[in-house]
Structure formats: C-alpha cells, structure tokens
Peer 1: 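Just dropping this structure here.
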2 protein chains.
Amino acid sequence: MNKKRITSKELAKLAGVSSATISRAFSPDSRIGSATRDRILSVAREYGYQPNAIARSLNNQRSRLVALVVNAIGNPCEAEEQQLLVHRLQARQLLPIILCCADHADRLQLMRLASTYQVDHVVVFSDMVSMQDAVDIFHTTKPIIVSFEPLASDSVSSISIDGSAAADEIIAKIVGDGKTRFAYLSGTQSSWIDKLRRTWFADALAKRGLAFEAQAFGDYTYDSGFKEAVMLLHRSKVDAIICGNDVMAIGARDAARRILGKNTPGDIAIVGQDGIAMAGWDCNDLTTLSLDHVAFIDAVVELIERHDADIDGPHSITITCSVRWGSTA
Amino acid sequence: MNKKRITSKELAKLAGVSSATISRAFSPDSRIGSATRDRILSVAREYGYQPNAIARSLNNQRSRLVALVVNAIGNPCEAEEQQLLVHRLQARQLLPIILCCADHADRLQLMRLASTYQVDHVVVFSDMVSMQDAVDIFHTTKPIIVSFEPLASDSVSSISIDGSAAADEIIAKIVGDGKTRFAYLSGTQSSWIDKLRRTWFADALAKRGLAFEAQAFGDYTYDSGFKEAVMLLHRSKVDAIICGNDVMAIGARDAARRILGKNTPGDIAIVGQDGIAMAGWDCNDLTTLSLDHVAFIDAVVELIERHDADIDGPHSITITCSVRWGSTA
DNA sequence: CCTGTTTGTGTAAACGTGTACACAGAATAT
DNA sequence: ATATTCTGTGTACACGTTTACACAAACAGG
C-alpha cells in the first residue's frame, strides 16, 4: 500500500544496467539495444516502476501541464467546451489543471500559483481576466486567450468569435414577426464580452431603425434570468428579450410564462446565446445564437499545437456563430 | 515575453546571499533575519522571482497536486460537486488535475499517467473505476473513493451515501397518491452504484407489497431519458417512473408530456435523483432524492485533510440523502 | 572572562530524471 | 589490412529547490 516508489537507479541495479539506460528504455527514439529495452521494460513491470514525471519535468523544462482558467465548472455554457478540451488534451498526454475562482483577486493569486508549476500552456476562458494580467503572470508561457475579439500579439494567441451575422438573422426573423420593443438581459455589468455580444444585436436592430428600449443585468444564472425578466416585464412593455446566455433565457422564459402568463413566441420572443445541449431539450426548445463548440475547441487545440511546436502562424482564429431555431422566437 | 524564469541561485547573487537563504525567505517558519527576508522579498518582486514548484515537489516528495477522476465534466450531477471541491482544494493551495475519460481502458491509462506526477491525493468520483484498480495504480497515494458503499480499508478511504430513508419517504407519498405500477429507469447497465440506488426504492416498494414492474436502461443523459421513457410507456401501463438521475427524469417528463400527453403528477409520477440546481427551476420543479452537495464535499475535504496530516480516524463517512419535493410526484 | 545558548548564514548533498560526452566493440568501406 | 562509421552503454552533470550540518557572531549567565 504505502510502499515507496522505486527509482530509476534502483531499477538499474536490479536490471544490471546504468540508470541512463533505464531512461533510454522509456524514451522512444534513443539508441538502445532492443534486447536491453525489452529486458528493462519487463523488470520495470515486475517492480511497478514508472519514471517520475516531476523529475522529468524539472530536467526537461517541460511539464506537460496545461492551466485552464475558467469562470465556473458547473456552468453548462463552459462545461461542454471544457469537456471537449480536456479530452483533446488528454489524447495528447497533456494534463489539465483547472483554475476556477469566483473572486478576482483570488483568481490572480491562483494563476500565480499555477505559473509556479511551469505549465506548458495556459488557456484563459474567463472574460474576467485581462490579457495583460495573463501575460504578466505567465510571462514565460504565452497564454492562449479566448477573447471574442482578435487581440493576438506576439505574446498572446487568441480565438475570437463573431456572431454578428447570426444575430442579424435572428433579429430579422423577430422583426418580421412584428416585434418592435427589444430588451437586452446582460450576463454581467463589467465584462466587455457581454458588451460585444450586445453590440451584435444592437447593430442588427440599428440597421432596421430600432434600438434596445431596456436593459437589465444578471449573472448568467437561471435565477438571475428569472428575476430580471420579471422586473423588466413589469417595468416596460417589451415584446422581445435577448439574453446573455441560454440559462438566463430559460429563466426569463419561465418568468414570462409563470408570473405574467405570456407565451413564446406569440406574446414575447426570447433568445439565448451559447447553443448548449439543454437548449435543444423538448421542454426548452430555445432559439439561440449558437457557437460551434467543436470548431471552437479545434481552434484551441490548433493554437496549442502551434505553440508546442514553435510554429509561427496566424495567432488569431475566428469562429463564426450560427442560429439554432427553436420555438421561443 | 518569452523571458526565462529567474532561478534562486541567480536571485541569490543579486541579493548578495546564498540560495539557501532565498529558500528560507520563502518558507514561513525558518530561521532567517527579518531584515534579510524583507530585502530578499523585495528583490524577488523586482525580478519577478517565484520558487519553482516542480523543483520543490521533487525535493519535498509532495506535489500539492490532486487527481480528480470523474465521468464527465459537462454532466450537471457531478459538475456541482466538482465545482465545490475545486474551490475547497484551491483554498488549501492544492491544484486539481482533472481526469475524465469515456473509455475504460483509456481511463486507466490516464490514471497511470497522473500517478506519474506524484499526486498527493486522488479522489475517484467515477463508479466505473474499481477500488482495486485505483489502489493498484496509486499504490503510493491512498486514494479516496466516492463509493456510495462503505468499503474503506487501510489503503482506501470512502464516502458512502445512504438514500434509503429518503427513498422510503418518496415511495410512501406516491403510493399514498394511489399509484401502484412502478418502473425504474437506470443510468447504466453495469454500475453497482446504479444497482444500489435502485435497491433503496425496491426495498421501499417491497415494504408495501409492491415491486418494479418494468425496467429500462439509459446513459444518464436527457436524450436517453426521453427515449427510454417513450418505450417504457408504450410497452407497459406504469404510472410512476423512478429515474437514475435528474437529467433523465427531465427527459422522461418531457417524453410523457409531449409524446403521450400525460401530465405529472396526475397521470404519472416521475422522480429524479441527485438534487441538482436545475431540478428546482420553475420549468422542471422535480421531485428528487437529493444529495446534500455541501456535506458531501465537506466529507471529501475532511478525508483529504486527515490523509494529509496522517491522522488516523474513521476512513469512511456516510452522507444521508433527503427529499426535494416538486410537482412531478 | 569563560562557557553555553541562540541566531543567522553558508556549504553541500539530496530529490529522480535526461542527455552530452566518452569510449569500446561491431560493422562497413577502402 | 587499416580506416571509418555506427551501435550500445556507462559516467557525470544539470535541472531548481530544500534542508541537515557546520560555523561564526551575538548574547546570556555565572
């Protein structure tokens, strides 16, 4: 049970070779006789030897650890992407370390802690961390920022997301259905990502001589979507609500139906953003500005691989959003 | 940007001390003059020095890394607990490495990889990994198994979950409402956790002279809940479905309502398990056998701390479930 | 003033790898 | 036949810390 792990030197003695040869047996492309290798591997299996990755990292200057900075784990909008990314990383023998923190100061502290572990790559999903903070903390690593905005430089790679065309499609449909009074339900007060998403819709409205009549601020949760929608609908006579994410949209839909007896899309149109799996569930069937999660994570992996191989290529990739049409708008 | 990280020896030269003193400046309880420490810390800040955690781990034999073996990240039932645990770990300066793999062989391979990193603790959430596998792979670490069943030994700690009383309450209510024909919708074919959960309800039924009339197998997803419920309701005349988790219960409810026009709880009673936040959303309002996530994670942290401090105490903790009453049963 | 303790610091070894270098022997070329 | 390459292995050091030990200086009590 609590047996100590065997080291390469001890195994060397057992196999009658030097510790260097042990190391070679575990390195695929190294000069070693195949008979020796087989013998070593067999003895290694017998004694349960595995090279110590910590020692190897120290020597190699490569830890094969990847830090993922995220807002939350439970939040479905991020979770689907996290899941995909974790799988892709693991297929490349990279281990993900999750950094997830509600408080901003704590989050920076946490990032500093992770940087101490010499992570090879950093993926920042969180819009709460500025590019500058990430670069300062991981000055040795070149972080990958998921930014919704192309801000790559020589020290940061970025993936940006363009939803303007999809937003235009959605607005066209809703306006075509005769709706004219729009509200925007933000996910956060401060985030510029939220501002950008809002702009996609605001521009589409402006093109048609319209504008948002009202705005409210939630926190990306169901409860905040519910509460803010109630207040919004009591305050003004809007007939369409664009929400910062899908979960809030579900909350808003529930509020409209339950508290005010309004149905979608007849009485009111409700639109989400993200395109999470739950949006497609029969009980939700949400119309939503949908991100292609696979393409998105493909892009992240692509950037990581370039970074790994020190390949110079474009450091910014843009993903275009599409629409998932449901029965709420 | 790609500047190399400064080492303790270099900093020592800059501060006019030896590298040992640098190390002491960063260790809270070590003999060092406070003037020296202040000077070192100030120089360190100036040059952006941080001790290399990899090197420290190699020396200390403690990595402060924790491996979390989970089934999925996106799955809400686990995600809430993962989120809580990650926060608690980070507050203790422990970094979580997520191991998440659909395929069983891959999962074992992944666990071997993580064990290579000398993780200090292992938390196995997954019911797909046997206790024996975990012990074999992490023979140096004493894994913590979340097991639903008290199987602690000197090499494994465990947290078990008892839902029998809550299941009895639920069955009492449903039978009291006049339902008699029960079906169980499992989450998996093979998992013994699923079997255990089913037993809680089966026992409660047996106490009242009843038994499950039908059984179906899904995979814990919404879609499988929907599909299996449709088949179940076409096949037999059940008027109550107990589901393996909340997400499947929502799928089953949608199927009953949409495909067969049956409403809860009048026509059919539907019960979930887990007590995820979504169960409380207005559009769901699920009756569910609910786990106290906070108590649960408290228990995990408790075991980790005991393990950390080498305190001998009971290695098994049991959490009792309660009922969340909704409008579906 | 001498002995004994405390305080602060440096020296050196250890943690477990990977790899540059050296070198012996085998294989190949001339 | 010798000269040259190639193959397989060992030796020794580096990676960046922490810490046991040694030691000088400061300080206490007699």
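Just so it is clear: chains get the letters A, B, ... in the order the sequence lines come, proteins before strands, and each one is counted from 1.
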Peer 1: Got B:Asp298 and B:Arg88 here, is their nearest side-chain heavy-atom distance under 4.5 Å?
Peer 2: yes

Peer 1: Is the shortest heavy-atom distance from the side chain of A:Arg56 to the side chain of A:Ser23 under 4.5 Å?
Peer 2: no

Peer 1: Using a heavy-atom cut-off of 4.0 Å across all strands, would you classify A:Ser18 as base, sugar-phosphate, or nothing?
Peer 2: base

Peer 1: Send over the distance from A:Asn60 CG to C:dG16 P, rounded to a whole Å.
Peer 2: 17 Å

Peer 1: Which parts of residues 49-59 of chain B get close to DNA chain D, meaning a heavy atom less than 4.0 angstrom away?
Peer 2: B:Tyr49, B:Gln50, B:Pro51, B:Asn52, B:Ala55, B:Arg56, B:Asn59

Peer 1: So which one's nearest nucleotide on DNA chain C is more toward 5', B:Arg37 or A:Ile22?
Peer 2: B:Arg37

Peer 1: What is the ring orientation for B:Phe125 with B:Phe296, classed by angle as parallel under 30°, tilted 30 to 60°, or perpendicular over 60°?
Peer 2: tilted

Peer 1: Checking side-chain polar atoms at under 3.5 Å, does B:Ser63 have a donor or acceptor matched by the opposite partner on B:Gln118?
Peer 2: no

Peer 1: Is the closest side-chain heavy-atom distance between B:Asp308 and B:Arg62 below 4.5 Å?
Peer 2: yes

Peer 1: Please report the distance, rounded to the nearest Å, between CZ in B:Arg31 and P in C:dG10.
Peer 2: 13 Å

Peer 1: Is any side-chain heavy atom of B:Leu85 less than 4.5 Å from a side-chain heavy atom of B:Val301?
Peer 2: yes

Peer 1: Shoot me the first and last contacting nucleotide of DNA chain D against chain A, ordered 5' to 3', at under 4.0 angstrom to non-hydrogen atoms.
Peer 2: D:dT7 to D:dG16

Peer 1: Across the strands shown, which category fits B:Ser23 at heavy-atom distances under 4.0 angstrom: base, sugar-phosphate, nothing?
Peer 2: base

Peer 1: Could you state the OH-C1' distance from B:Tyr117 to C:dG16, rounded to the nearest angstrom?
Peer 2: 14 Å

Peer 1: Specify the closest pair of heavy atoms between A:Ala114 and A:Val119, including all atoms of both residues, with the distance to one decimal.
Peer 2: O-CG1, 3.8 Å

Peer 1: How many angstroms lie between CG in A:Leu110 and CD in B:Gln93, if you round to the nearest 0.5 Å?
Peer 2: 8.5 Å

Peer 1: CZ of B:Arg24 versus P of C:dT11: gap in Å, rounded?
Peer 2: 11 Å

Peer 1: Can the ring centroids of B:Phe26 and B:Tyr49 be said to lie less than 6.0 angstrom from one another?
Peer 2: yes

Peer 1: Would you indicate what B:Thr36 reaches in the nucleic acid, counting non-hydrogen atoms under 4.0 angstrom: base, sugar-phosphate, or nothing?
Peer 2: sugar-phosphate

